[in-house]
Amino acid sequence: MKIAMIGTGYVGLVSGVCFSDFGHDVICVDKLPEKIAQLERGEVPIYEPGLDAVMERNVAAGRLSFTTDLAAAVDGADAVFIAVGTPTRRGDGHADLTYVMAAAEDIAEALTGYAVVVTKSTVPVGTNRKVEAVIRAANPEAQFDVASNPEFLREGAAIDDFMKPDRVVVGVESERAKAVMGDIYRPLFLREFPVVYTDLESAEMIKYAANAFLATKISFINEIAALCERVGADVKSVAKGIGLDGRIGNKFLHAGPGYGGSCFPKDTSALARIGQEHGVPQRITETVIEVNEAIKRRMIDKLLDLCGGSVNGKTIAVMGVTFKPETDDMRDAPSLTIVPALVGGGANVRVCDPQGLREGKTLLPGVTWVDDAYEAATDADIVVILTEWNEFRALDLARLAGGMAAPVMADLRNVYDRDSVLAAGFTQYVGVGR
Ligand code: NAD
């Protein structure tokens with residue numbers, strides 16, 4: 001199959017690279033010339049483990065290329081995927097569909113033969129029909145069908161998630177388009193990964209419902225964690241005890257500083273707005289959003305308490321600022337709420353993150369970036385574990401404590417246990433929900 005991938009970000013690039021690895025001919029399009037130039041030089045513009053090797057072998061095999069020329073990529077394509085951003089629209093919490101609709105218009109003008117226009121971006125229910133209407137209006141002669149194919153990959157494990165998905169969801173209404181989608185995903189059918197064929201609206205809804213459910217699990221355990229602290233329970237044991245129940249499952253039950261990232265915050269917000277618009281408020285999702293904001297503020301209070309009520313003049317070493325490990329993505333990371341509160345409170349904040357600097361240097365003004373965890377902690381009053389990168393999971397705690405002015409640890413990811421932290425020379429340890 002010939003595939004054009006419009007939008008070469010976290011999802012578009014991974015999807016394009018993986019489709020080419022399936023054996024398809026893929027052209028990845030982006031409107032940012034510097035991104036395309038980087039890709040043409042063989043450089044991956046994002047940090048995603050394993051992506052560079054798969055990209056390199058498919059470029060070498062002649063199956064994968066990059067361009068800013070959308071029309072050239074769409075010409076002759078069997079499928080045109082839209083994988084552009086759908087951020088939260090300023091002011092009202094809705095998904096901003098500007099990029100999707102602009103891409104649809106460009107695609108309309110570029111369509112030559114029959115193609116399936118597939119929306120991979122996360123979009124509100126009804127968007128695929130709008131995409132269809134936009135293309136139809138711009139190019140009444142165009143031969144095409146639309147399909148909804150939401151993406152479920154996780155940054156940091158994106159290649160594996162794409163190649164070995166829990167499921168593929170395809171919303172499609174014509175047999176011809178279904179056949180094209182079947183050919184594209186054939187390597188996954190052959191390995192018996194489940195494919196859910198459904199209508200457009202259900203496919204769009206599945207993506208929002210999935211993310212809202214996962215966000216609910218996180219907010220649920222975070223709220224339980226706050227109660228655990230009051231009643232003397234340990235949320236890690238509680239999560240284990242409930243997670244072993246097959247109906248609940250043990251994933252997404254790690255208490256922490258609240259969810260962030262490029263998906264949960266914007267998708268829960270969009271779902272809440274969709275519900276309000278249709279007169280069916282999604283009260284659980286609305287509460288999940290409120291709880292998540294409260295959790296981030298609770299983390300700030302925790303740090304203030306540890307510093308005796310004020311962080312003014314304190315030196316705080318923050319380990320990890322990306323929204324999770326194994327990604328450089330900072331979008332809506334809890335660090336973007338917590339770190340500015342510390343800086344605003346007069347703290348001297350040192351940040352250490354293996355991949356956070358590129359985005360973080362503009363998003364977190366007023367902090368000092370330090371490459372090494374031990375250097376960041378030298379003479380610090382408190383060390384805060386904010387993102388559980390592997391290198392922060394196995395720190396030499398005695399060495400860390402030995403260099404600090406006041407060895408105090410706030411472990412907002414529950415990476416360590418209190419006894420070993422205290423045994424290593426720390427005078428105080430706080431986790432979340434313990
Ligand atoms: P991103 O911001 O990383 O990438 C979007 C890219 O699209 C950018 O490079 C931008 O320059 C490009 N673009 C925008 N308009 C364009 C146009 N008209 N023509 C060509 N290129 C254009 O976004 P992302 O994180 O890859 O997310 C894309 C979509 O996938 C979103 O709807 C998101 O919700 C969804 N999604 C993301 C993830 C994730 O983990 N990031 C997971 C599942 C689904």
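Remember, it's 1-based here, ligands and their atoms both numbered in the order they're listed.
- Here the side chain of Thr112 pairs a donor or acceptor atom with the backbone of Gly76 at under 3.5 angstrom.
- When Cys263, Ala103, Gly9 are ranked by how near their heavy atoms come to atom 18 (N) of ligand 1, first place goes to Ala103.
- Protein heavy atom closest to atom 34 (O) of ligand 1, with residue, atom name and distance, is Lys266 NZ, 2.6 Å.
- Residue, atom and distance of the protein heavy atom nearest to atom 29 (C) of ligand 1 are Val84 O, 3.3 Å.
- Nearest protein heavy-atom neighbour of atom 35 (C) of ligand 1: Thr122 OG1, 3.5 Å.
- Considering backbone and side-chain N/O atoms, Asp106 never comes within less than 3.5 Å of an N/O atom of ligand 1.
- Lys120 and Ser15 get closest at one heavy-atom pair: CD-OG, 3.5 Å.
- The protein atom (non-hydrogen) at minimum distance from atom 8 (C) of ligand 1 is Asp30 OD2, 3.4 Å.
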Distance-only criterion, 3.5 Å: show the donor-acceptor pairs between side-chain atoms of residues 362-373 and protein atoms not counting sequence neighbours.
residue	atom	partner	partner atom	Å
Thr362	OG1	Glu359	O	3.2
Asp372	OD2	Tyr374	N	3.1
Asp372	OD2	Glu375	N	2.9

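- For Lys120, no nitrogen or oxygen atom sits less than 3.5 Å from a nitrogen or oxygen atom of ligand 1, counting backbone and side chain alike.
- Classification of the Tyr47-Trp389 ring pair by plane angle, with boundaries at 30° and 60°, yields tilted.
- The residues Arg298 and Asp301 are annotated as not salt-bridged, no charged nitrogen and carboxylate oxygen being separated by less than 4.0 angstrom.
- Separation of the Tyr185 and Phe19 ring centroids falls under the 6.0 Å cut-off.
- The closest side-chain heavy-atom distance from Val80 to Val116 is not below 4.5 Å.
- Ion pairing of Lys302 with Glu229 is present here, as a side-chain N (NZ or NE/NH1/NH2) and a carboxylate O approach within less than 4.0 Å.
- Across every non-hydrogen atom of Pro124 and Ile274, the tightest pair is CB-CD1, 3.7 Å.
- The protein non-hydrogen atom at the shortest distance from atom 23 (O) of ligand 1 is Arg331 NH1, 3.7 Å.
- Looking from atom 7 (O) of ligand 1 to the surrounding protein, the closest heavy atom is Gly7 CA, 3.4 Å.
- Within ligand 1, counting atoms from 1 as listed, the ones closer than 4.0 Å to a heavy atom of Gly85 are 5 (C).
- The pair Glu155-Arg331 meets the salt-bridge criterion, since a charged nitrogen lies less than 4.0 angstrom from a carboxylate oxygen.
- Checked by atom type, the side-chain pair Gln276/Gln282 shows no donor-acceptor distance below 3.5 Å.
- Near Val11, meaning under 4.0 Å from one of its heavy atoms, ligand 1 places the atoms 26 (O), 30 (O), 36 (N), 37 (C), 38 (C), 39 (C), 42 (C), 43 (C), 44 (C).
- Heavy atoms of Ala83 come nearer than 4.0 angstrom to ligand 1 in at least one pair.
- Interface atoms of ligand 1 facing Leu32, defined by a heavy-atom separation under 4.0 Å, are 11 (O).
- Atoms of ligand 1 found under 4.0 Å from any heavy atom of Lys35, numbered from 1 in the order shown, are 8 (C), 9 (O).
- The Thr86 neighbourhood of ligand 1 comprises atoms 31 (C), 32 (O), 34 (O), with distances under 4.0 Å to a heavy atom of that residue.
- Neither the backbone nor the side chain of Glu105 has a heavy atom within less than 4.0 Å of ligand 1.
- Within 6.0 Å of the CG atom in Leu51, the count of heavy atoms belonging to other residues, nucleotides or ligands exceeds 12.
- Inclusion of Arg154 in the set of residues having an N or O under 3.5 Å from an N or O of ligand 1 is not warranted.
- Of the protein's heavy atoms, Lys31 N, 3.4 Å lies nearest to atom 20 (C) of ligand 1.
- In the vicinity of Glu151, heavy-atom distances shorter than 4.0 Å reach the ligand 1 atoms 43 (C), 44 (C).
- For ligand 1, the atoms lying closer than 4.0 Å to a non-hydrogen atom of Ile6 are 19 (N), 20 (C).
- Residue-to-ligand polar distances place Ser262 within reach of ligand 1: an N/O pair is separated by less than 3.5 Å.
- Applying the salt bridge (charged side-chain N to carboxylate O under 4.0 Å, His left out) rule to pairs touching residues 62-87 yields nothing, sequence neighbours excluded.
- Where the criterion is an N or O separation shorter than 3.5 Å, residue side chain and backbone included, Tyr10 meets it with respect to ligand 1.
- Of all the heavy atoms in Gly256 and Ile295, the pair that sits closest is O-CG2, 3.6 Å.
- Shown in contact with Glu155 at under 4.0 Å from a heavy atom are these atoms of ligand 1, numbered in order with element: 39 (C), 40 (O), 41 (N).
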